[in-house]
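What you see is a predicted model; the values in this text were computed from it and never measured. The figures that follow rest on heavy atoms only: side chains count, while hydrogens, waters and symmetry mates do not.
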Amino acid sequence: QVQLVESGGGLVQVGGSLRLSCAVSGRAFDFYGMGWFRQAPGKEREFVARISRSGVSTYYTDSVKGRFTISRDVAKSTVFLQMNSLKPEDTAVYYCDTDRRPLRAGPVTAESEYDHWGQGTQVTVSS
């Protein structure tokens with residue numbers, strides 16, 4: 001059974017930083033690309049970032065480019081999202097997820113292409 005457990009969310013002031021973690025079990029971690037999505041109140045879940053199975057390629061939605069960094073630690077089966085220069089519009093529940101297909105390359109951004117979700121971690125940025 002695949003399980004994803006996110007952590008690291010919290011309340012932070014504008015301009016602050018947070019580092020989210022997502023521990024993955026029950027899946028060959030290094031075979032799958034990983035993604036982070038977020039969902040703000042009253043809005044649909046949206047793509048934030050993706051990292052390839054090798055960790056070499058990363059992709060970001062435009063609104064977080066230059067502020068967020070996705071990374072992965074294969075030995076720990078964990079994916080991270082370093083978030084800097086946070087803004088109020090970054091407030092959301094953040095979810096990590098695994099690619100539906102193993103060994104896939106490229107900027108896979110559609111929610112439907114990911115098939116396992118964690119419980120989410122709340123990020124609140126106060127102004």
Side-chain angles (χ1 to χ4, degrees):
Q1 182 178 1
V2 180
Q3 289 189 319
L4 292 82
V5 179
E6 299 101 334
S7 61
L11 174 64
V12 64
Q13 291 186 333
V14 170
S17 298
L18 285 173
R19 189 192 194 205
L20 306 184
S21 300
C22 174
V24 181
S25 61
R27 171 163 280 186
F29 181 73
D30 54 345
F31 274 43
Y32 292 84
M34 296 291 299
W36 283 98
F37 283 68
R38 65 187 179 186
Q39 187 167 21
K43 295 187 177 181
E44 295 186 350
R45 194 174 299 189
E46 65 170 352
F47 170 80
V48 175
R50 170 181 169 88
I51 187 166
S52 63
R53 56 179 288 266
S54 67
V56 171
S57 299
T58 57
Y59 310 90
Y60 301 91
T61 191
D62 287 345
S63 63
V64 309
K65 285 180 180 177
R67 301 188 298 122
F68 290 12
T69 302
I70 188 171
S71 62
R72 63 193 295 162
D73 184 331
V74 174
K76 297 181 178 179
S77 295
T78 300
V79 62
F80 304 98
L81 186 68
Q82 177 67 44
M83 305 186 297
N84 299 329
S85 302
L86 283 162
K87 304 175 180 180
E89 51 264 42
D90 295 318
T91 295
V93 178
Y94 283 71
Y95 300 89
C96 70
D97 33 61
T98 66
D99 195 329
R100 180 177 299 277
R101 291 166 46 191
L103 308 178
R104 177 159 56 175
V108 181
T109 62
E111 182 181 353
S112 59
E113 295 301 318
Y114 294 82
D115 63 353
H116 286 94
W117 300 86
Q119 82 288 350
T121 186
Q122 176 70 48
V123 171
T124 303
V125 184
S126 64
S127 56

For residues 16-26, dump all side-chain donor-acceptor pairs below 3.5 Å to protein atoms at least two apart in sequence or in another chain.
residue: S17; atom: OG; partner: N84; partner atom: OD1; Å: 2.9

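- D73 pairs by the side-chain hydrogen bond (donor to acceptor under 3.5 Å, both in side chains) definition with nothing, not counting sequence neighbours.
- Summarising the geometry of V79 relative to C96, their closest heavy-atom pair is CG1-CB, 4.4 Å, with the distance given to 0.1 Å.
- Hydrophobic cluster membership is shared by L103 and Y32, with clusters built from Ile, Leu, Val, Met, Phe, Trp and Tyr side chains linked at under 4.5 angstrom.
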request  = Would you sort out whether M83 and W36 count as a side chain to side chain contact (heavy atoms under 4.5 Å, CB included), showing the intermediate values?
outcome  = CA-CA 12 Å; M83 305 186 297; W36 283 98; over 6 Å; no

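- A chain of hydrophobic side-chain contacts below 4.5 Å, direct or via other Ile, Leu, Val, Met, Phe, Trp or Tyr residues, connects Y114 to Y95.
- Here the closest heavy-atom approach between residue R67 and residue S63 is recorded as NH2-O, 2.9 Å.
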| Stepwise, does the side chain to side chain contact (heavy atoms under 4.5 Å, CB included) test hold for Q122 with L11? | CA-CA 8 Å; Q122 176 70 48; L11 174 64; over 6 Å; no

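- Shown here is R101, whose CZ atom has no more than 12 heavy atoms of other residues, nucleotides or ligands within 6.0 Å.
- A salt bridge links D115 to R27: one of the charged nitrogens lies within less than 4.0 Å of a carboxylate oxygen.
- Counting only distance, with no hydrogens or angles, the side chain of R100 and the backbone of S112 share a donor-acceptor pair below 3.5 Å.
- Within the structure, no pair that satisfies the salt bridge (Lys or Arg N to Asp or Glu O under 4.0 Å) test touches residues 4-15, not counting sequence neighbours.
- Here the OG-CG distance, from S126 to L86, works out to 10.5 Å after rounding to the nearest 0.5 Å.
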**Prompt:** How far apart are the C-alpha atoms of E113 and F47, what are their side-chain angles, what is the distance that settles it, and do they pass the side chain to side chain contact (heavy atoms under 4.5 Å, CB included) test?
**Reply:** CA-CA 11 Å; E113 295 301 318; F47 170 80; over 6 Å; no

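- Atoms CE and OG1, on M34 and T98 in that order, are 6.0 Å from each other to the nearest 0.5 Å.
- The aromatic rings of Y94 and F68 are tilted relative to each other, their planes meeting at an angle between 30° and 60°.
- Taking the salt bridge (Lys or Arg N to Asp or Glu O under 4.0 Å) definition, one finds that K43 meets it with nothing, sequence neighbours left out.
- Side-chain heavy atoms closer than 4.5 Å link hydrophobic residues (I, L, V, M, F, W, Y) into clusters, and following such links, possibly through other members, connects V123 to V48.
- To the nearest 0.5 Å, atoms OG1 (T58) and NZ (K65) are separated by 10.0 Å.
- Under a hydrophobic clustering in which Ile, Leu, Val, Met, Phe, Trp and Tyr are joined whenever their side-chain heavy atoms come within less than 4.5 Å, directly or via other members, V93 and L81 fall into different clusters.
- A salt bridge between R53 and D99 is absent, with no side-chain N of the basic residue lying under 4.0 Å from a carboxylate O of the acidic one.
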Exercise. Determine, stepwise, if the pair W117 / E111 fulfils side chain to side chain contact (heavy atoms under 4.5 Å, CB included).
Key: CA-CA 10 Å; W117 300 86; E111 182 181 353; 3.4 Å; yes

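- Contact record, T78 with K76: OG1-O, 2.8 Å, taken as the closest heavy-atom pair.
- Counting heavy-atom neighbours within 6.0 Å of Q13 CD, excluding the residue itself, gives a total of 12 or less.
- In this structure R38 satisfies the salt bridge (Lys or Arg N to Asp or Glu O under 4.0 Å) test together with E46, D90, sequence neighbours excluded.
- Among residues two or more places apart in sequence or in another chain, the side-chain hydrogen bond (donor to acceptor under 3.5 Å, both in side chains) test is passed with T69 by none.
- In this structure, the side chain of R72 engages the main chain of S52 through a donor-acceptor pair within 3.5 Å.
- Shown here for I70 and Y60, the closest heavy-atom pair between the two residues is N-OH, 2.9 Å.
- Nearest heavy-atom pair, A40 versus T91, reported as atom, atom and distance to 0.1 Å: CB-O, 3.6 Å.
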